[in-house]
2 protein chains.
Amino acid sequence: MTAGTGGSANKPIQARVIAEMRGRIISGEIDPGALLSELALAEEFGVSRTPVREALKQLQTEGLVEIRPRVGTFVTAPSRREITELFEMKELLEGAAARLLARRGRVPEIDRLQENLAQADAAVARDDRDRYAELVGEFHDLVITGADNRKLEAHYRTLMNQLAYSRLVTTSLSRPGRPGQSDREHHLVVELILEKDGDSAEQVMREHVRASRRALMAGLPLPGRRDD
Amino acid sequence: MTAGTGGSANKPIQARVIAEMRGRIISGEIDPGALLSELALAEEFGVSRTPVREALKQLQTEGLVEIRPRVGTFVTAPSRREITELFEMKELLEGAAARLLARRGRVPEIDRLQENLAQADAAVARDDRDRYAELVGEFHDLVITGADNRKLEAHYRTLMNQLAYSRLVTTSLSRPGRPGQSDREHHLVVELILEKDGDSAEQVMREHVRASRRALMAGLPLPGRRDD
DNA sequence: CAACATTCTCTTGCATGGCAGAGACGGTAG
DNA sequence: CTACCGTCTCTGCCATGCAAGAGAATGTTG
């Protein structure tokens with residue numbers, strides 16, 4: 001990433017700050033709980049504190065950082081309970097998306113899903129976990145966008161950002177045998193979508209998300225901080 | 001909520017601005033499409049432009065206003081398509097909440113729901129639409145909070161704000177016979193929740209939301225601006 | 001040595017002022 | 001009368017400066 005740091009600084013400066021910070025957080029480049037100093041960020045980006053401050057404020061409403069007044073801005077560290085809730089929502093939204101996509105019939109996203117599956121099969125065959133993780137992200141993305149509901153998509157993106165999912169998915173796939181099973185579940189979902197069987201597609205998709213969650217939670221160190 | 005509007009201006013000033021502006025928008029006190037000038041708002045609240053600006057930025061991420069760079073900040077007017085999408089999400093979330101609530105068993109929210117129904121029956125009997133509209137809001141609120149999922153609740157609130165639902169619900173209930181039917185549907189949902197029949201509760205809840213939407217769209221002038 | 005009060009520095013919160021771009025208005029030429 | 005162009009005012013955007021609260025470090029006292 002970090003594309004476009006050179007030259008094209010034409011765009012609104014503060015949007016760039018937001019995008020950059022969000023990228024760092026969801027990629028796990030910054031540890032949860034870390035302090036984000038307005039001043040330090042301002043100096044790093046070569047701008048004043050004001051746009052940085054506004055960027056952090058927006059990231060707060062997205063649930064990525066927590067601003068404790070007069071104290072500091074910290075990267076949010078989801079509690080175990082929050083992670084459970086987020087997965088519950090993920091299951092809900094992706095299931096609904098699968099149903100909606102099945103109802104829509106043949107749309108471009110379907111073709112791209114099949115292409116995605118082909119590449120995923122190859123990645124699993126050569127045990128290329130990084131590539132497969134990437135394809136998993138694309139798969140779920142395609143299902144969501146294929147639902148053709150911008151609001152659902154927006155809420156989904158917020159959700160995934162809060163989960164820092166791109167960091168978690170590798171953990172989930174490190175479980176032996178998980179990539180293969182995940183791939184098979186993806187195939188089944190697409191198959192049901194092609195058959196326009198919305199009910200089953202939703203059901204299988206939800207079960208897939210639950211399985212993914214189990215694989216994740218099992219291989220996660222996750223200090224049992226506060227369960228409250 | 002909305003407690004402490006009088007006197008105690010001790011709290012962070014900008015949070016007050018956000019709450020006040022949000023209230024005005026979702027109550028319909030400000031017409032959609034209207035221009036919100038930073039300067040004018042700052043003078044009205046007796047503060048500087050900075051906190052007002054940050055407040056507007058937050059409202060933008062909540063989807064309540066649209067900031068067109070170098071032009072101005074405007075109250076968003078959801079297109080017909082967006083309204084459809086929002087209701088699709090509403091149906092999804094409330095259905096899921098009903099299911100989750102049914103699974104939880106006997107919790108305080110259940111008692112409050114039954115009390116709500118009793119008062120709603122009375123309101124319908126004396127044809128008190130304003131009071132019934134209020135109770136409808138409380139009913140759906142109880143179902144959501146009863147699901148015991150903070151993330152779901154947060155997304156739901158965002159949704160309802162974007163819909164400016166409190167303004168719409170009166171329109172919906174102005175259809176002859178609608179309050180009575182709505183009340184009966186509420187009764188059925190609670191009944192199914194009490195029986196711990198999550199599947200049926202979700203299904204009936206979703207159907208209820210669809211019916212509510214139909215009653216609303218029918219009685220809505222809604223200039224067919226852009227369907228894109 | 002331990003517990004407490006105090007200062008001191010760090011952080012964000014808010015106010016103010018200058019700047020640039022977008023759109024509206026009016027004047028002028030055809 | 002119409003179309004075009006320059007100007008002018010409006011808007012948000014960003015930089016800077018001051019103030020206030022929170023927490024840590026430290027000096028003080030038992």
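All chains are named by letter (A, B, ...) in the order of the sequence lines, taking the proteins before the strands, and each is independently numbered beginning at 1.
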With a 4.0 Å cut-off, would you call [X] and [Y] a salt bridge?
X	Y	value
Arg24(A)	Glu20(A)	yes
Glu82(A)	Arg150(B)	no
Glu134(B)	Arg131(B)	yes

Check your understanding: Between dG12(D) atom P and Lys57(B) atom NZ, what is the distance in whole Å?
Key -> 12 Å
**Study point:** Gln14(B) side-chain N/O to dC14(C) phosphate OP1/OP2 under 4.0 Å
**Key:** yes
Practice item. Examine dC14(C): is either OP1 or OP2 under 4.0 Å from a nitrogen or oxygen in the side chain of Ser48(B)? Give yes or no. Key: no
Revision key, fill the gap. Result for side chain to side chain donor-acceptor pair (under 3.5 Å) between Glu94(A) and one of His140(A), Arg206(A), Arg99(A) points to His140(A)
Practice item. Measure from NZ or CZ of Lys90(B) to the centre of the six-membered ring of Tyr165(B), then state whether that distance is under 6.0 Å and the direction lies within 45° of the axis. Key: yes
Review point. For DNA chain D, whose closest nucleotide is more 5', that of Thr73(B) or that of Val47(A)?
Key: Thr73(B)
Exercise for review: Consider the side chain of Pro51(A), meaning its heavy atoms from C-beta on, and name the nucleotide among dT12(C), dA15(D), dG12(D) that approaches it most closely.
Suggested key: dA15(D)
Study note, to complete from the structure: Considering only heavy side-chain atoms of Ile13(B), the closest of dT11(D), dC14(C), dG18(C) is dC14(C)
Review point. Do the side chain of Thr50(A) and the base of dT16(D) come within less than 3.5 angstrom through a donor-acceptor pair of N or O atoms?
Key: yes
Check your understanding: Given Glu62(B), which of Lys57(B), Arg22(B), Arg157(B) fulfils the salt bridge (Lys or Arg N to Asp or Glu O under 4.0 Å) condition?
Key -> Arg22(B)
Exercise for review: Would you indicate what Leu36(A) reaches in the nucleic acid, counting non-hydrogen atoms under 4.0 angstrom: base, sugar-phosphate, or nothing?
Suggested key: sugar-phosphate
Report, one pair per line, the protein and nucleotides 20-24 of chain D atoms (nitrogen or oxygen only) whose separation is under 3.5 Å.
from	atom 1	to	atom 2	distance (Å)
dA20(D)	N3	Arg70(A)	NH1	3.4

